[in-house]
Amino acid sequence: MNFLDGLNPPQKEAVEYTEGALMIIAGAGSGKTRVLTLRVANLLQQGIEPYQILSLTFTNKAAKEMRERIEKIVGIEAKSLWMGTFHSIFSRILRIEADRLGYDRNFTIYDTDDSKALLKSILKEQNLDDKVYRINNVLGRISGAKNKLITYKLYAQNDALKAEDAASKMPELYRIYEIYQKKCYKSNAMDFDDLLLLTNILLRDNEDIRQKYQQKFQYVMIDEFQDTNLSQYNIVKMLSQKHQNICVVGDDAQSIYAFRGADIQNILNFEKDYPTLKTVRLEQNYRSTNNIVQAANSVIANNKNQLRKSVWTSNDEGNKIKLVKTMTDTEEGRLVADTIFEEKHQNSWKNEDFAILYRTNAQSRIMEEALRRKNIKYKIVGGFSFYQRQEIKDLLGYLRFTVNQRDEEAFKRIINLPKRGIGDTTVAKLLAMANEKNINVWELLTEHTTEISNRIAGVLEVFTNLIKKFIQLLDSKDAHELAVIIAKESGLLKDLYEDKTIEGISRYENVQELLNGISEFVDNEENEDKSLSTFLQQITLVTSMDEASKDEDKDKVTLMTIHSAKGLEFKHVFVVGMEENLFPSQMANNSLAAIEEERRLFYVAVTRAEQKLTLTYAQNRYYYGNLQQCEPSRFLSEIDKQFLQNEGGMSKWTRQGFMNKEESNEKDNNTFSFSNQFKKTTANYTKVTNLTKTTPTADFKPSNLAALKVGMKVEHQKFGVGIIKELQSFQDDKKAIINFETQGEKTLLLSFAKLQILE
DNA sequence: CTATCGCACTGTAGT
DNA sequence: AGTGCGATAG
């Protein structure tokens, strides 16, 4: 087995120990992904079928990356592996077995926004004050309960929980939970936590289904085990009961999701649940310089509740860690941008060798501005998702309602969109009426029309006829064709198209982008089920982090939160905003456990760096538009001084940080005028960060459709350069068959294709 | 029912 | 700074 060459003894052991329970404690940079990849390859080489291996990860990105790496070793076989996030894998299973739970297979997955909107309406209906019952708290309590496998029935019987609720002035919480859950069920909808909780219930209550999947999954693997919650762990425990071939990989020092129910206790329980457990520790770090490894160790050593830690490296000592203080947050950005600019030339490093990590997404804007001024290409990972944009959610609302008419959140979103004179009062009345009759709104609208007042009934009929038409097309049209029809006939597209403001154009383009996305979904041969319903379930579980890394995304500086940086590595990492109350977050002040989690987060940030690490903090920073003074983070003082660069090396930047009063005023004025300018061009700004490359003059718009001719050379945003082979009419639209250089022949609906005419 | 204005609030991460 | 809410006028 030559692919084991170059592994150290514990790595080799982890790859070869395939039968029974195995726990791999993998320190930062210890080659974990490589070990996991080879482990799967090893199983496949032993003749295990790919569909018998279940491999669970925490993010879609991690799953995708691992699948690609395995594919490189074993080839096409890797496609049949069951590999994905807990949520995506189990939503797939739930879709197949939905009827056992009384759900329809077209169930909607409610995202956090949907959940909050539903809770808000429940609070209103129950006359509860949303100042007392804070939506985030309420959702957090419900979510926390679900992650501990506490259903609303169990919650109502649990005096301890109810006492906690009473203490936080929310004694009715158990009732809200019950109403929320029943409404979700009535809407044929599941929230994120339901995907796990209901999988638990499905497997627990259905012997045959449990056996089916126990039989199927002979080998189960979990990555980032320290981040799993009880609900997730319990599913895996049930699934691996028959074969007992379960392998978990984790690092307690990198546990950063306790706030949402992840339980380090799972690691301890694991040893109890599997007495024959074999434990392998990967402690040699191959990623970072000795200075970085030691500095990381010196910080994490401050945690009282750490389990085990002895990560070491035989790498060079390397550069010392740079600590930089700046006057303001703007200057912090400038400093980072300047440093990247210089180092790119000095070391001939590329943009992709740098990462800027921050604690909160809000910090990204200042870094963006600085990089743009220096003309440094960057990409933002995570943050505000494409699918959270209003115009996207509007169209998705129509698509969702077409697939599942019980989806009440979608109904509320689209019933008066575009405006048809149905206000909140009317909607509330309709919902109350439906509730009273114990039917859903769609049934009310279609079967009880006579009971609705004439004025409204007329408008509603137009709406129901529209939806009925869409429903009829569900079987005959593919997801993309149908989405295009819905976008047009609902009037959404027309509204956006007529809005010629910068924001309006951007929104129109975003909708086009969504339609392109659906088109890609349909064209993708790997997707077996091309229904609109599957598409919708899939995208709810996809965040902007998971978008395919395009070629144009290649050589760019990466900006992201520390949370999303887990598992990645960069030559030079900047951790910015090292200030008390920002990192560690102010919210962490309440408990030791929270501070320790922040410290682990810092540990994660530091261990992303291969060669250079720079920590920066500002003395003044804008919070909600107010300039505030900041103190350096306590974590900075916890780093063993011997790993920090001496004062002399800092002086260059430190000097820049201190300005005399005159300079300071001048600078403030500059900052002010810049931010005013920024305000006016927000839409442009968004567009640039979206990485859409447009040349206004040559850009193809639906309005100059006639400009296209057969034989013309064009460039498509996604498919690249091609020659127009044929132009066709499709209803009142034009379609083009284009032969792309790399993608082959594609048929595009022109009004949604982003084409640029080349010749 | 819709549009507009002034006021108050914002509390971290990602499926 | 940006958002979302309630009150008010049209």
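Remember, it's a predicted structure, so these values are computed and weren't measured experimentally. Protein chains get the first letters and strands the later ones, always in sequence-line order, with residue 1 at the start of each.
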Can you tell me if A/Thr108 and A/Asn404 form a side-chain donor-acceptor pair at under 3.5 Å? yes

Can you check the [X] [atom1] to [N] [atom2] distance for me, whole Å?
X        : N      : atom1 : atom2 : result
A/Tyr387 : B/dT15 : OH    : C1'   : 14 Å
A/Lys566 : B/dT15 : NZ    : P     : 12 Å
A/Phe259 : B/dT15 : CZ    : P     : 11 Å
A/Leu195 : B/dT15 : CG    : P     : 13 Å
A/Ile380 : B/dG14 : CD1   : P     : 13 Å
A/Gln538 : B/dT15 : CD    : P     : 14 Å
A/His87  : B/dT15 : NE2   : P     : 9 Å
A/Gln388 : B/dG14 : CD    : C1'   : 10 Å

Does A/Phe86 reach a base, just sugar-phosphate, or nothing at all? Heavy atoms under 4.0 Å. nothing

Touch class at under 4.0 angstrom, heavy-atom based, for A/Tyr623 against every strand present: nothing

When you check the phosphate oxygens OP1 and OP2 of [N], does a side-chain N or O of [X] lie under 4.0 Å from one of them?
X        : N      : answer
A/Asn361 : B/dA13 : yes
A/Thr426 : B/dC1  : yes
A/Thr561 : B/dG14 : yes
A/Ser88  : B/dT15 : no

Short N/O separations, protein against nucleotides 3-11 of chain B, under 3.5 angstrom:
residue : atom : partner  : partner atom : Å
B/dT10  : OP1  : A/Arg134 : NH2          : 2.2

Quick one: ring pair (Phe, Tyr, Trp, His ring centres under 6.0 Å) partners of A/Phe463, sequence neighbours excluded? none

Could you pick out which residue, A/Arg420 or A/Phe192, lies toward the 5' side of DNA chain B when each is mapped onto its nearest nucleotide? A/Arg420

Would you say CD of A/Glu461 has more than 12 non-hydrogen atoms from neighbouring residues, nucleotides or ligands within 6.0 angstrom? no

Are more than 12 heavy atoms, taken from residues, nucleotides or ligands other than A/Glu164, located less than 6.0 Å from that residue's CD atom? yes

Selected nucleotide, minimal atom distance to [X] side chain, candidates [options]:
X        : options               : value
A/Thr425 : B/dG14, B/dT15, B/dC1 : B/dC1
A/Asn416 : B/dC1, B/dT2, B/dT15  : B/dT2
A/Arg365 : C/dA1, B/dA13, B/dT15 : C/dA1

Contacts under 3.5 Å, N or O only, protein and nucleotides 3-5 of chain C:
residue : atom : partner  : partner atom : Å
C/dC5   : OP1  : A/Lys120 : NZ           : 2.8

Ring centers of A/Phe58, A/Phe86 separated by less than 6.0 Å: no

Looking at residues at least two apart in the chain, or sitting in another chain, which of them share a side-chain hydrogen bond (donor to acceptor under 3.5 Å, both in side chains) with [X]?
X        : result
A/Glu579 : A/Arg621
A/Ser88  : A/Thr85
A/Asp194 : A/Lys146, A/Gln181

Got a donor-acceptor pair under 3.5 Å from the side chain of A/Thr112 to the base of B/dT15? yes

For the residue pair A/Glu409 and A/Ala117, what are the closest heavy atoms and their distance? OE1-CB, 3.4 Å

Could you go through A/Arg600 and A/Glu597, starting from their C-alpha distance and side-chain angles, then the distance that decides it, and tell me whether this counts as salt bridge (Lys or Arg N to Asp or Glu O under 4.0 Å)? CA-CA 5 Å; A/Arg600 291 192 294 269; A/Glu597 177 149 318; 3.4 Å; yes

